[in-house]
Amino acid sequence: MVLRNAFCRPSCFLGLLLLLLLLSSEAHTTNNKTTRIGVVFDSGSQIGKQQKVAMKMGLRLFHLSSSCHKLELLLHDSHSNFTSPTSSVDLMITKGGVKAIVGAVKRQDLIVISDNQILGRIPIVSTSAEKLPPLKIPSLIQMATNISHHIKCIASILKYFQCPPKVSIFYDPTLNSVHRLFDSFQLANIEVENHFALSSSSDQDEISIENELKRVMKSQRNGVFVVTQLSLELANLLFTKAKKMNMVGNGYTWIISNDVFDLIDSSLINDHSSLLNKMEGVIGFRTYFNDTKKPFKRFETKFKKMYNLEYPEDKEPIKASIFAHRAHDAVRCIARAMETLGDNNLSSSDQLLKTILESNFEGVSGMVRFKDGMLIPQSPNFQIIKVVDQRYKDVALWSPKLGFSESFLEVEDNKAATQVKPNMGRHVDGGDWSRKPITLWSQNSGKEEKLKFAVPRKGACQELVKVSQHLNGNYFTGLSIDVFKAAMTNINMPYASSYDLYPFDSTYEEMMKAVHNKTYDGAVGDISIMAQRFESVDFSVAYLEADIVMVVKEKQDKWKSFWVFFEAFEVTVWLLIPTIHLFISSVIWVIERRNNEELKGFGSLLWFSVSLISYMQREPVKNGLARLVLGPWLFGILIVGASFSASLTSMMTISWSQPSIPDIKMLMEMNATVGCNAESFICDYLNGSLKIENARIKKMNTIDDYPKAFENGSIMAAFLIRPHAEVFLAKNCIGYTKTNFSIKLGGIGFVSS
């Protein structure tokens, strides 16, 4: 009985243990039930590749933070199956058993879903770069930016450059609600004068685009065009036609929203350079990410590693685009919603959709939340850019709360951004974006007006700018005038021939104020580009280099003196060389005169000494000891002769341009009087920076007055900008030279308001 009980107890124990293991295994299997998420991507595009990698990263990040729920991605490549009549979304739902779909869903898929009530209840989060048409699918959610932010940014650009708040827009009505688009413009106080709806890239649309551009060309010779909510194909077609008709630049202003610029990136399209070439000079904005944040840096590092593992054949370095960020955040959003519901509630598509719509989490590019049928980042930041030489030129940053700011870090700091504003006019120079392009047309009538440019009458260098009085009026000549006329002719602007030049009788600084006060639209002349002048006016690209140089008289030419060769060596050297030479000649003569008939007399000694210098001696040296003494001295004569020739040659060449006052330090020690142009800013520089008293500064009207002042001793030095100095030295090529003193300036350019 005891043995039986002992046997039964272990059996019962083992049976109970097996039962517990089975229950635990079943519970573990139940808890680890795999839920599928359908993924649509296009492997034929760079965007599709990036989104595939980003979505895998998003799911991996979810599994690292959650071990209770297992999710799986069911991948579907739409590129390899683009000719199939069957909807990829339909297959994944009916046969793949997916609970939600994310990725680049195509239009034909959505059309199929909109006709099927059952399929239309499955949550679909679209991360497509192609904007989707407004279909009545309650479960469709788009990852996008609120269009109202785009329009506010456009309004800020127009306000900054003081353009009239009237625009013509090009858009695709199938990509968004037309009413929402126009309401956004109206809320931003922008009047839409003309709107052109482009819905496809068919031949008919090519003709219609060309006809519309011709109509605009006839009705207005300049204007502001906004391109927004447009696909990349249509944007390419639009700018191809506009470029052929000379409507990109040439008085026409284009603003491109981030819908297009986010797509035009070197890592997204292969032929981006040709499109950017058609958009040369236009300004716009793209989505900006603060790459200084640690989460962003971690994402970028992991993304590059995973992308290289997934696509090792892609050699070029890849940077994650905004579409990759959206795909990553979309998968995380769906995974978080599924985890919140648990396995028991995942059968309800409506409940899953509701949970997704309540999402509010920190994504790669900031906080993500649901609004107006879209998952959008809160307060997106935009980077204002200009297309220059087929590349992006960063101009400023813009955010809905802070407006424009200069530095990337200022977007994160409200106080800094409100204090430091960018001078976008300085960055957006050239083309048709001046600081205030309102002067290019009349706000009231829309008619062309003549531009007014001031020209300094009291220019110091008439070779650069000269104003002459004739019976028929003023006559303007000089290099600056020629460059300006050539520029206005060659830039092929509609208003290039509509300008007048007016003589200005005051100082250059007063001329800058007159341009700033709108008395003139600009100024033409030998105007130096300086930092302080940028506060009130803008400059063109410099057409001449400019810096402040010091011109003085040359030293007296020593090479003309008969005894100049004595200065080749010091006095002690001159005494030492003939002494050694006579001593060595005497030693050789003493040794040789007993056995050498040609070296017996004292006269022979003198002649031997002279002829030895030039290696012309004919008297043979027979004694071995004499040869031992003579050999090293012949080598010494060679060295001395070469040194003498080099020193004398140097003296005769360098002395041509030796300044009488070598540097500014000696000039200050001499308390000498200096000269400068009467209307130049150099007078203030000499007094303020170099601390030269006004009594020691003599003002000259023209550069022709300087030679006389130098000759009578009125001035010891002249301070000129380099172009003036070059003209002065060309006129007075003998007797004057530049010193090593130089203060770098920005160059010589034209001025605009």
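Atoms considered below: every heavy atom in the structure, side chains included; atoms not considered: hydrogens, waters and symmetry mates. Computed from a prediction, not measured in an experiment: that's the story for all the values here. Throughout, numbering of the chain's residues begins at 1 and tracks the sequence.
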Does H328 form a side chain to side chain contact (heavy atoms under 4.5 Å, CB included) with F303? I'd like the steps, not just the answer.
CA-CA 10 Å; H328 179 271; F303 177 83; over 6 Å; no

Enter the distance from [X]:[atom1] to [Y]:[atom2] here, rounded to the nearest 0.5 Å.
X    : Y    : atom1 : atom2 : answer
K401 : N381 : NZ    : CG    : 10.0 Å
K244 : K241 : NZ    : NZ    : 5.0 Å
K159 : I190 : NZ    : CD1   : 11.5 Å
L140 : I124 : CG    : CD1   : 6.0 Å
H76  : I101 : NE2   : CD1   : 10.0 Å
L75  : I37  : CG    : CD1   : 11.0 Å

Under a 4.5 Å cut-off applied to non-hydrogen side-chain atoms, are [X] and [Y] in contact?
X    : Y    : result
L59  : R332 : no
V227 : L238 : yes
V282 : K386 : no
L397 : I384 : no
L213 : E210 : no
V167 : F185 : yes
F225 : I255 : no
F750 : V541 : no

Evaluate F239 against I256 for side chain to side chain contact (heavy atoms under 4.5 Å, CB included), listing each step before the verdict.
CA-CA 11 Å; F239 280 99; I256 315 298; 3.2 Å; yes

Does the Lys NZ or Arg CZ of K49 fall within the cation-pi geometry relative to Y311 - under 6.0 Å from the ring centre and within 45° of the axis?
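The answer is yes; both the distance and angle limits are met.
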
For [X] and [Y], which heavy atoms make the closest approach, and how far apart are they?
X    : Y    : answer
A330 : T127 : CB-CG2, 3.8 Å
L74  : M92  : O-SD, 3.8 Å
I151 : A188 : CG2-CB, 3.9 Å
G749 : Y543 : CA-CE2, 3.7 Å
V248 : K278 : CG1-O, 3.4 Å
A327 : A54  : CB-CB, 4.4 Å

Ring centres under 6.0 Å, that's the criterion: do [X] and [Y] meet it?
X    : Y    : answer
F296 : H325 : yes
F382 : Y288 : no
Y160 : W398 : no
F196 : Y171 : no

Out of R326, M55, Q51, which one pairs with V102 under the side-chain contact (heavy atoms from CB on, under 4.5 Å) rule?
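Among R326, M55, Q51, the one meeting side-chain contact (heavy atoms from CB on, under 4.5 Å) with V102 is M55.
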
Any side-chain to backbone donor/acceptor pair from D77 onto S43? Under 3.5 Å, distance only.
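Yes: the side chain of D77 pairs with the backbone of S43.
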
So, does D262 use its side chain to make a donor-acceptor pair with the main chain of T287 at under 3.5 Å?
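Yes: the side chain of D262 pairs with the backbone of T287.
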
Any chance NZ of K243 has more than 12 other-residue heavy atoms, nucleotides or ligands included, within less than 6.0 Å?
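Atom NZ in K243 is packed in, count exceeds 12.
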
Please walk me through it: do F484 and Y499 pass ring pair (Phe, Tyr, Trp, His ring centres under 6.0 Å)?
CA-CA 11 Å; F484 174 75; Y499 66 87; 5.3 Å; yes

For the pair V125 and I334, evaluate side chain to side chain contact (heavy atoms under 4.5 Å, CB included) and give the outcome as yes or no after the intermediate values.
CA-CA 8 Å; V125 181; I334 295 174; 3.9 Å; yes

Please walk me through it: do W254 and I283 pass side chain to side chain contact (heavy atoms under 4.5 Å, CB included)?
CA-CA 6 Å; W254 293 83; I283 195 171; over 6 Å; no

side-chain hydrogen bond (donor to acceptor under 3.5 Å, both in side chains) partners of E310, counting only residues at least two apart
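With sequence neighbours excluded, E310 shows a side-chain hydrogen bond (donor to acceptor under 3.5 Å, both in side chains) to K52, K56, given in chain and number order.
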
Short side-chain donor-acceptor distance under 3.5 Å, S752 and D538
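S752 and D538 do not have a side-chain donor-acceptor pair below 3.5 Å.
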
Indicate whether any N or O donor in one side chain lies under 3.5 Å from an N or O acceptor in the other, for Q50 and S321.
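Looking only at side-chain atoms, S321 and Q50 do form a donor-acceptor pair, the distance falling under 3.5 Å.
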
